[in-house]
There are 2 protein chains.
Amino acid sequence: MTVVRVMRTPEKVAAITRARVESVLAETGYTPDLLARGLAMNRSGVVAAIVPLLTNSLVAEVVQGLTTRLEAAGIHLLIASSGFSAEREEGLVRAFLSRRVDGVFLIGTTHTSETRRMLVSAGIPVVEGGNLTRAPIDMVVGFSNREAARTVTAHLAKRCGRGPIAFVGAHARDNDRARDRRSGFRATMRELGRPVAPEFVVETDLDMVSGAAAADDLVTRNPDLRGILCSADAIAAGVLFALQRRGIPVPGRVAVASFDDIEIAGLVSPGLTTIRVPRLRIGECAGDMILQRLAGAEVAEVRVDVGYELVVRESA
Amino acid sequence: MTVVRVMRTPEKVAAITRARVESVLAETGYTPDLLARGLAMNRSGVVAAIVPLLTNSLVAEVVQGLTTRLEAAGIHLLIASSGFSAEREEGLVRAFLSRRVDGVFLIGTTHTSETRRMLVSAGIPVVEGGNLTRAPIDMVVGFSNREAARTVTAHLAKRCGRGPIAFVGAHARDNDRARDRRSGFRATMRELGRPVAPEFVVETDLDMVSGAAAADDLVTRNPDLRGILCSADAIAAGVLFALQRRGIPVPGRVAVASFDDIEIAGLVSPGLTTIRVPRLRIGECAGDMILQRLAGAEVAEVRVDVGYELVVRESA
DNA sequence: CCGTTGGATGTTACCGCTCACATCAGGGGA
DNA sequence: TCCCCTGATGTGAGCGGTAACATCCAACGG
């Protein structure tokens, strides 16, 4: 039928015919089948996002930024969470590739080699978000977590005199951001001539309850602790609540700092000193990069550094 | 080719042939095209979820529960946020229907009539989550926000003696949960012989910063305020921080209560008295209902009440 | 020895759309 | 008057699967 032309290139069809077709479409309640279109055009109009955990407010914002941009281009988001497992991620990538997604967005830069292979040979735009890496699969948008860690560590160290500082981080396996933050912390402390003993570096789940538990444990074992650096605000908030409950003044006796600057960081009291990361922009930027590539354009910046910012509040 | 049989009914093909086919598949790196399959089978293997806002921790958990169940059945999730607008939701439903999704999950029960029409005539399983309604489009899983509001209001009123109580809620337009919570609050107060003046019922955005601003405003205008009921913990947390900053003792001078029992509710100090809702279960339940329907089974319970629970902590 | 049976494999139309090309009608220039 | 050109419309072959049916062959029983 001429139907297809009415929908895709209305200017090439006579006004009268167009009107007739349109009225028929309206009364039959016709809905184009995007699956069939996808099959015929070899382009599904769908992009996949694989995140560690949906319930992380930081991730949610990145995804929000991503959908906003993609939706404006009529592209929808297929989403799944890997639960911080590179193996699960691999399975998801395989499944999504089977769905012929037009692009893939991944949080983090830690993937199995099979994941990388599949993604490369699929020949579709891929954006890794969150952590800058020297060797992206395709494109990457984020900032250097290692550098950010150095910045906040230096600040915290200054506030703590010569007192011992601990690090409470999310599990580092398959989580490059937590890993880089930790290693940045360690390196900076070493350079300051204050190397950190292993018992002052702990791993925990990425939520407030776990952060609180970790803090309880740390301060009972080490009453002279002067500072705690957390790999995420969610953890730091838990730490803060735990200290508060024990009547330990912050930053008077223990200073606290962390990463992300999620909403709660500015509201707790004392306010959290933290590293602000432009998470919405990460998502938007990733969306734009994918769209550009889909439009056939060469993407000039294949490695976008969105930077970070140290936000000094009361906690350190 | 016999290829298809190898994949779908391997027992019907001779072992030797199967081996040969499999080796060829492996070395060519064949990936089945789910788009084509979807077209042929008239079933895409994709379910759509439309939520007001992804960055809401409650919503994120519901979605997490949903994906968990669906993924186990090889079904993926197409997600989009409506930004609390029924019109945007309508557009999204139209788009997703075009993608021939096998099912739809919606947060809330407020939809345009066109949305309802499309969904009904699509003849696919639809689950509305969060608020129980008498007249679901198809299926519904949630609890009565109105009843929950009565429960927490009664509790809060008792704690506040005869002092005035205010309600700080999310914008109620296109948000049935906020609306029902507010109306439950009003009704209960009226029945208690303490009808609430309009200036004690305010609308705000659903985040901590807005909650804090609302609280500041309320207490400066009404120094004798005794209690604040919030329509969500995110708002209540902001309220709590604002009061704390002003040195107003909670619950000594102002008691605070709310809904949702998100993580932060148990960690702030004083802990938030709130209504706990089984959000993960809402998502899982919705997923199960959709899967059952997809499997051709009749769903026994088309209206699932997951209940709620008053969690009394220190704030009220 | 042959017809029958049933398991293994091949064939074909179709799902709804896009794309390249064929066709058709009418107007203008020679 | 005829032909060519052009803009509007029609046609047909895929896209990569599925499902129903056709075919083939070997073993088996009468």
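Being a predicted model, the structure only gives us computed values, none of them experimental. All chains are named by letter (A, B, ...) in the order of the sequence lines, taking the proteins before the strands, and each is independently numbered beginning at 1.
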With sequence neighbours excluded, what pairs up with Arg94(B) under the side-chain hydrogen bond (donor to acceptor under 3.5 Å, both in side chains) test?
-> Glu90(B)
To the nearest Å, how far apart are Leu25(B) CG and dG16(D) C1'?
-> 14 Å
Of the candidate nucleotides dG16(D), dT18(C), dT18(D), which contains the atom at the shortest distance from the side chain of Met41(A)?
-> dT18(C)
Enumerate donor-acceptor pairs with a distance under 3.5 Å from any side-chain N or O in residues 45-57 of chain A to protein atoms, sequence neighbours excluded.
residue	atom	partner	partner atom	Å
Asn56(A)	OD1	Leu58(A)	N	2.8
Asn56(A)	OD1	Val59(A)	N	3.4

With sequence neighbours excluded, tell me which residues meet side-chain hydrogen bond (donor to acceptor under 3.5 Å, both in side chains) with Arg116(B).
-> none
Rounded distance (Å) that lies between atom P of dC14(C) and atom CG of Leu35(B) | 22 Å
Sugar-phosphate only, base, or nothing, as touched by Thr31(B) at under 4.0 Å among non-hydrogen atoms | sugar-phosphate
Arg20(B): side chain to side chain contact (heavy atoms under 4.5 Å, CB included) partners, not counting sequence neighbours = Thr17(B)
Of dG17(D), dT18(C), dG16(C), the nucleotide closest to the side chain of Arg37(B) is dG17(D)
Report the nucleotide, chosen from dT18(D), dC15(D), dC17(C), that has the shortest atom-to-atom distance to any side-chain atom of Ala36(A).
-> dC17(C)
Figure out the CZ/P separation between Arg20(B) and dA8(C), and round it to whole Å.
-> 15 Å
Which angle, to the nearest 10 degrees, lies between the helix axes at the two ends of the helix from dC1(C)-dG30(D) to dA30(C)-dT1(D), each defined by five pairs?
-> 70°
Just checking Asn42(A): base, sugar-phosphate only, or nothing, at a heavy-atom cut-off of under 4.0 Å?
-> nothing
So which of Arg69(A), Arg293(A), Arg281(A) actually passes salt bridge (Lys or Arg N to Asp or Glu O under 4.0 Å) with Asp288(A)?
-> Arg69(A)
Interatomic distance, Arg43(B) CZ vs dG16(D) P [rounded to whole Å] = 24 Å
Leu34(B) CG to dG17(D) C1': how many Å, rounded?
-> 10 Å
Report the residues that fulfil side-chain hydrogen bond (donor to acceptor under 3.5 Å, both in side chains) with Asn131(B), sequence neighbours left out, ordered by chain and then residue number.
-> Asn145(B), Asp176(B), Asp180(B)
